[in-house]
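Because only heavy atoms are used, hydrogens play no part in the values below, and waters and symmetry mates are left out as well, while side chains stay in. A, B, ... follow the sequence lines: proteins, then strands. Residue 1 opens every chain. Just so we're clear, the structure is a prediction, and the values are computed from it rather than from any experiment.
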Amino acid sequence: MVELANLQKFFLAHLQGQSTSIKQYVTKEKPGLAIYANAYHQRLREALDGDYPCLGLLLGDEQFNQLVSDYITCHPSSDPSLRWFGQHLTAFIRKQAHYQSMPIVAELAEWEWRLRLAFDAAGSEIAAIDHVQQLTADQWPTLQFELVPSLQTVSWQTNVVAVWQALEQQQAPPAIIEEPTDWIIWRKGLVTNFRSIHGDERTALTLTLQGHHFASLCEHLCQWHEPEAVTTRVVQLLQQWLSDELIKQVIS
Amino acid sequence: MKKVFHGFGLGLRKDYYSEILATQPAVDWFEIISENYFVDGGKPLYFLDAIREQYPIAMHGVSLSIGSTDPLNKLYLKKLKSLADRINPIFISDHLCWTGVGGINSHDLLPLPYTEASIKHVVERIHYVQDFLERQILVENLSSYVTFAESDMAEWDFVSEVVERADCLLLLDINNIYVSARNHQFDPIDYLKGVPAQRVMQHHLAGHSDYGEYIIDTHDAPVVDPVWQLYKVAAELFGPVSTMIERDDNMPVFSELLAELNYARTIAEPIYTQQQTSVVLPTAGRYHFASPTMAMSVQEQHNG
């Protein structure tokens with residue numbers, strides 16, 4: 001009699017394609033074990049297909065299938081939910097020598113995963129524009145802004161977003177070019193949003209996430225703008241963030 | 001132990017969120033896959049909360065892995081309890097199986113050997129889970145494609161021993177009985193007659209893929225006639241049992257599922273009426289017997 005723990009280890013290893021002694025412990029080895037082994041791979045494959053549809057289109061079936069097979073082997077699922085099975089794919093791609101000369105592959109994977117993160121990220125209350133308009137001038141220098149939990153900032157080296165948009169609409173993607181850009185992704189209500197941002201907004205968002213107050217934002221953005229224009233620019237950014245529902249709370 | 005009857009339900013799947021809210025279909029309750037709602041926000045929880053306002057919800061898990069030899073996942077149990085606190089489900093269920101070992105999740109429902117050792121192992125863990133959740137859980141019988149040489153009892157004897165000793169409830173999947181009966185050549189009626197009727201709290205019905213020599217439980221097609229026939233026998237044996245139809249792939253228009261669910265009603269309700277069984281209905285439930293003259297003693301009870 002085999003210990004239950006060993007039986008389970010043999011069974012799982014068999015599903016993963018390893019050679020084990022499981023066959024001696026089961027009846028109906030055929031087609032039973034093959035049904036389980038096929039289901040194991042199919043289920044994980046479907047999870048990645050769902051999370052990375054455009055990556056599959058970019059790579060084509062043969063390359064994507066190989067990537068998925070390698071990933072399933074190297075990163076078996078450890079989470080109770082298939083929702084998180086694909087979470088290491090971007091890092092996995094970045095480690096593959098084959099893809100190091102094609103940065104768009106990892107960037108597209110990361111883009112699709114980040115959109116997925118925004119989809120079911122925590123919601124929060126949203127700061128009201130009215131509240132900000134009622135603040136007095138002496139309150140402004142020390143104002144802090146807590147941003148919504150779904151907000152992510154990301155930098156790309158390629159035109160990955162344009163490529164993704166074309167693929168998502170089942171159109172031929174544009175030529176892949178080097179095009180450094182910064183983006184934000186967040187959820188407004190139930191809808192995932194994204195837009196490109198300039199370097200000064202990226203800096204302002206980073207500082208805001210670190211807890212810097214209004215006066216500090218103005219000070220740091222002087223590297224981008226003339227001192228007499230910087231306050232106007234920061235106020236403009238805040239208006240945009242309020243309109244986009246990026247600010248959870250204004251702390252005065 | 002009172003057997004509460006919640007009526008006839010469907011699996012809550014994202015394809016139907018908006019339609020359910022817009023049309024408020026005549027479904028008595030919905031069942032969710034618990035792990036799909038282990039998220040922080042967004043559409044899944046928004047629609048779950050909105051639909052929960054209108055319908056009772058059952059929580060059905062796929063990763064409790066009650067039969068695994070890995071330690072129970074405490075973080076998983078906390079998430080399960082947190083979700084239960086959020087929606088106050090009518091049932092919390094999972095499968096009498098293991099899904100992984102060594103920290104790896106296969107995301108499949110893998111069978112156990114039907115032995116005394118397996119029973120002891122599973123019963124101890126169900127006790128722990130029920131203590132943690134502070135309520136009875138339901139365990140569901142599997143579809144299976146292999147059996148183990150060391151099994152020394154019938155599946156239904158294994159299932160019965162587990163639910164009796166663990167003092168838990170049974171989610172009896174009629175399609176799974178049919179699938180396993182075909183795959184392992186046993187009489188499904190023996191299975192139905194072999195489980196403790198008083199612990200059968202819920203039924204699943206589903207379609208499958210029939211490859212002739214074997215069947216795979218795929219939940220991608222309508223319920224087949226032999227499964228309806230078994231369901232009729234189940235209704236005769238077990239009396240009113242909350243019943244739902246699972247559909248997870250090849251999703252039809254919602255009205256098709258509704259029609260299939262109504263077919264389940266037409267099979268079970270006349271039998272329940274003839275039985276004149278005393279049935280417990282929840283106060284917050286949506287189920288109403290079709291005929292006000294049905295000779296049933298109706299006693300109200302709160303959910304949970």
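Residues A:V132 and A:L242 approach most closely at CG2-CD1, 3.8 Å, considering heavy atoms.
Contact annotation for B:I216: only side-chain heavy atoms (C-beta onward) come within less than 4.5 Å of a heavy atom of chain A. When heavy atoms are compared at a cutoff of 4.5 Å, B:H121 approaches chain A solely by way of its side chain, counted from C-beta outward. Proximity to chain B (any heavy atom under 4.5 Å) is shown, for A:L4, by both the backbone and the side chain. Of the two parts of B:N73, only the side chain, counted from C-beta on, holds a non-hydrogen atom closer than 4.5 Å to a non-hydrogen atom of chain A. Contacts of B:N183 with chain A are made by backbone atoms alone, with heavy-atom separations under 4.5 Å and no side-chain atom involved. Looking at B:S144, both its backbone and its side chain come within 4.5 Å of chain A, counting heavy atoms on both sides. Contact of B:S151 with chain A is not made at all, since no heavy-atom distance falls under 4.5 Å. For B:L80, no part sits under 4.5 Å from any heavy atom of chain A, backbone or side chain.
If you check the side chains of B:H95 and B:E140, you find a donor sitting under 3.5 Å from an acceptor. Neither side chain, A:Q165 nor A:Q169, offers a donor N or O lying under 3.5 Å from an acceptor on the other. Side-chain contact check for A:S77 and B:H107: at least one donor-acceptor pair (N or O, by modelled atom type) lies under 3.5 Å. With hydrogens and angles left out, the side-chain atoms of B:S180 and B:S143 include no donor and acceptor closer than 3.5 Å. Defined by atom type and a distance below 3.5 Å, a donor-acceptor pair is missing between the side-chain atoms of B:D94 and B:H60. Between the side chains of A:W241 and A:S243, not a single donor N or O lies within less than 3.5 Å of an accepting N or O. Using modelled atom types, one finds a donor on one side chain and an acceptor on the other under 3.5 Å when comparing B:T218 with B:S209.
A donor-acceptor pair is defined here as one N or O able to donate and one able to accept, closer than 3.5 Å; such a pair exists between the side chain of A:R187 and the backbone of A:F119.
Note: B:D40 leads B:D40, B:L45, B:L64 in heavy-atom pairs under 4.5 Å with chain A. Counting heavy-atom pairs closer than 4.5 Å to chain B, the top residue among A:L190, A:L12, A:T192, A:L7 is A:L190. With respect to chain A, the highest number of heavy-atom pairs below 4.5 Å among B:F148, B:Y46, B:Y211, B:F38 belongs to B:F148. Between chain B and the residues A:D79, A:V191, A:L82, the largest count of heavy-atom pairs under 4.5 Å involves A:L82. Interface summary for chain B: among A:G123, A:S78, A:P149, A:A5, the most heavy-atom pairs under 4.5 angstrom belong to A:A5. With chain B as partner, the option from A:Y36, A:F11, A:W84, A:F85 having the largest number of non-hydrogen pairs under 4.5 angstrom is A:Y36. Comparing A:Q24, A:Q8, A:Q16 by how many heavy-atom pairs each has under 4.5 Å with chain B, the most go to A:Q8.
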